[in-house]
Amino acid sequence: MQKRLFVSVHEAWLRLLFSSFAVNDREWAEKLYDYSEIIYRHLRFIETIYVAKNIEYSYERPAIELNFKTEGEAALFCDEALERVEKQLSDNGDPLAKRMLNDLGFIRSTLKREFERSEKITAFDKSLTLDGYELEKSSLDALVMFLFEESYKEYELIVIYSYAGTVVEDKRLSEIFQILIDESKFHLKSFARMMAKMGILAVPRMVTQEIYKFESLKKFLEDGIEEEKGAKEQCRALAEAVDNEELQNFFNFINFQEDYHITLMQEALERIE
């Protein structure tokens with residue numbers, strides 16, 4: 001039951017998150033995104049308890065297919081996942097369970113009011129157009145490959161840093177991992193919204209325990225710094241490959257943000273050496 005609850009909350013978070021990227025109504029999208037953040041915090045609360053009590057859990061979860069056609073169907077898609085979580089929680093007087101059930105009840109009540117929304121979803125139509133930009137095939141191919149690879153990478157980093165921030169005991173290290181989570185969420189949001197505009201939005205593949213669990217924190221940080229350096233190179237290469245000034249500026253912006261990530265991970269490394 002406990003392991004299944006963690007998986008169910010993880011899936012609910014991703015359903016809400018990617019539905020927020022898929023819908024065209026920006027006010028509705030931001031509301032869904034805010035709800036996804038609430039469910040993500042539920043996930044972290046549960047994880048903290050499980051680590052403290054040495055309860056087995058895993059970030060591995062089933063594949064999530066996005067195939068709704070209207071914003072009303074998106075609301076139903078999210079509600080189905082929240083209903084599963086609700087059924088697995090017991091109101092046994094525990095303050096956290098009570099709070100989570102209250103959150104779920106409120107979010108589900110707002111989702112149910114949106115079931116009849118008829119606005120069409122275009123996030124999966126494979127239009128491969130982006131804000132009217134006319135990109136040459138080589139630029140378009142490079143952009144599509146980058147978005148799929150990096151949306152997975154940012155999701156992977158959220159999982160990795162979430163786990164790391166929970167299991168380390170040093171307060172500053174936890175703060176660093178939380179900053180890195182917030183940065184990765186921003187990047188994922190940016191890339192996923194571009195994917196939605198191009199009609200290629202998809203939930204990234206699952207992250208396995210072999211990736212996010214580490215035996216040596218030192219090696220984990222060293223490997224992370226090298227990965228961030230690789231991400232910088234990918235952003236630089238894409239900025240050169242995409243023949244559009246606005247997109248070039250955006251990917252150069254992402255490139256220079258990676259410097260901040262590297263500095264934070266170097267600080268974390270220095271704390272344990």
Check side-chain contact (heavy atoms from CB on, under 4.5 Å) between [X] and all other residues, then give those that pass, not counting sequence neighbours.
X      : value
Thr208 : Glu60, Met206, Glu210, Ile211
Ala202 : Phe148
Glu175 : Lys171, Arg172
Gln234 : Phe146, Glu149, Glu150

Review point. Sub-3.5 Å donor-acceptor pair from the side chain of Arg236 to the main-chain atoms of Asn255, do we have one?
Key: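 A pair under 3.5 Å: no.
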
Practice item. Could you tell me whether Arg193 sits above the aromatic face of Phe21, with NZ or CZ closer than 6.0 angstrom to the six-membered ring centre and within 45 degrees of the axis? Key: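 Here Arg193 fails the 6.0 Å and 45° test against Phe21.
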
Point to revise | Lys219 NZ/CZ over Phe214 ring centroid, <6.0 Å and within 45° of normal | key: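 Cation-pi check for Lys219 and Phe214: fails.
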
Check your understanding: Should the heavy atoms of other residues, nucleotides or ligands under 6.0 Å from CD of Glu27 be counted, would the total exceed 12?
Key ->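 Not more than 12 within 6.0 Å, no.
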
Exercise for review: Classify the ring geometry between Trp13 and Tyr40 as parallel (under 30°), tilted (30 to 60°) or perpendicular (over 60°).
Suggested key: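 It falls in the tilted class, 30° to 60°.
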
Sequence neighbours excluded - salt bridge (charged side-chain N to carboxylate O under 4.0 Å, His left out) pairs with any residue from [range]:
range            : answer
residues 61-73   : Glu71-Arg117
residues 176-188 : Glu37-Lys185
residues 158-167 : none

Exercise for review: Please list, chain by chain and in numerical order, all residues satisfying salt bridge (charged side-chain N to carboxylate O under 4.0 Å, His left out) with Lys53, sequence neighbours excluded.
Suggested key: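 Partners of Lys53 by the salt bridge (charged side-chain N to carboxylate O under 4.0 Å, His left out) criterion come out as none, since no residue qualifies.
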
Who are the side-chain hydrogen bond (donor to acceptor under 3.5 Å, both in side chains) partners of [X], not counting sequence neighbours?
X      : result
His187 : Glu154, Gln257
Arg41  : none
Lys112 : none
Glu226 : none

Exercise for review: Hey, could you give me the OH/CG distance between Tyr260 and Leu180, rounded to the nearest 0.5 Å?
Suggested key: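 Tyr260 OH to Leu180 CG: 8.5 Å, rounded to 0.5 Å.
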
Review point. How far does OH of Tyr155 sit from CZ of Phe18, to the nearest 0.5 angstrom?
Key: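 If I round to the nearest 0.5 Å, the distance is 8.5 Å.
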
